[in-house]
Amino acid sequence: MIALTDVSGREFYLNCELIYRIDRSFDTIITLTDGKKLRVIEKEPEIVEKVIAFKRKIHNGFVEGEQ
């Protein structure tokens, strides 16, 4: 799961396996596989980096530098 911030400033965790697409608007809009849409303040590249870091952690068992 990745930590994101909704437009009201509340942090939440999203199962990144549910992301269908990410669109740029005034805010960033994440469409989930079930069609639900989430508005977040993070920009697309930051979300992609969070997903990549999460997947690396899962597949490698750890992130470099973590103990």
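The closest side-chain heavy-atom distance from Leu38 to Asp6 is not below 4.5 Å. The side-chain heavy atoms of Lys55 and Glu17, taken from C-beta on, include a pair separated by under 4.5 Å. Residues Leu32 and Leu14 form a side-chain contact, since some pair of their non-hydrogen atoms from C-beta on lies under 4.5 Å apart.
For the atom pair NZ of Lys50 and CE of Met1, the computed distance is 12.5 Å after rounding to the nearest 0.5 Å. One distance of note links OG1 of Thr5 with CZ of Phe12; it measures 7.5 Å at 0.5 Å rounding. Between atom CD of residue Glu11 and atom CD1 of residue Ile41 there is a gap of 9.5 Å, rounded to the nearest 0.5 Å. Atoms CG and NZ, from Asp27 and Lys43 in turn, are 7.0 Å apart once rounded to the nearest 0.5 Å.
Of the residues listed (Asp23, Ile47, Leu18), the one engaging Ile30 in a side-chain contact (heavy atoms from CB on, under 4.5 Å) is Ile47, and it is the only one.
Residue Ile2 is grouped with residue Ile58 when hydrophobic side chains (ILVMFWY) are merged at heavy-atom distances under 4.5 angstrom, including chains of intermediate members. No continuous path of hydrophobic side-chain contacts links Val51 to Ile29 [ILVMFWY only; heavy atoms under 4.5 Å].
Put simply, the side chain of Glu42 never gets that close to the backbone of Thr28: no donor and acceptor are under 3.5 Å apart.
Remark: Tyr20 OH is loosely packed, at most 12 non-hydrogen atoms of other residues, nucleotides or ligands lying under 6.0 Å away.
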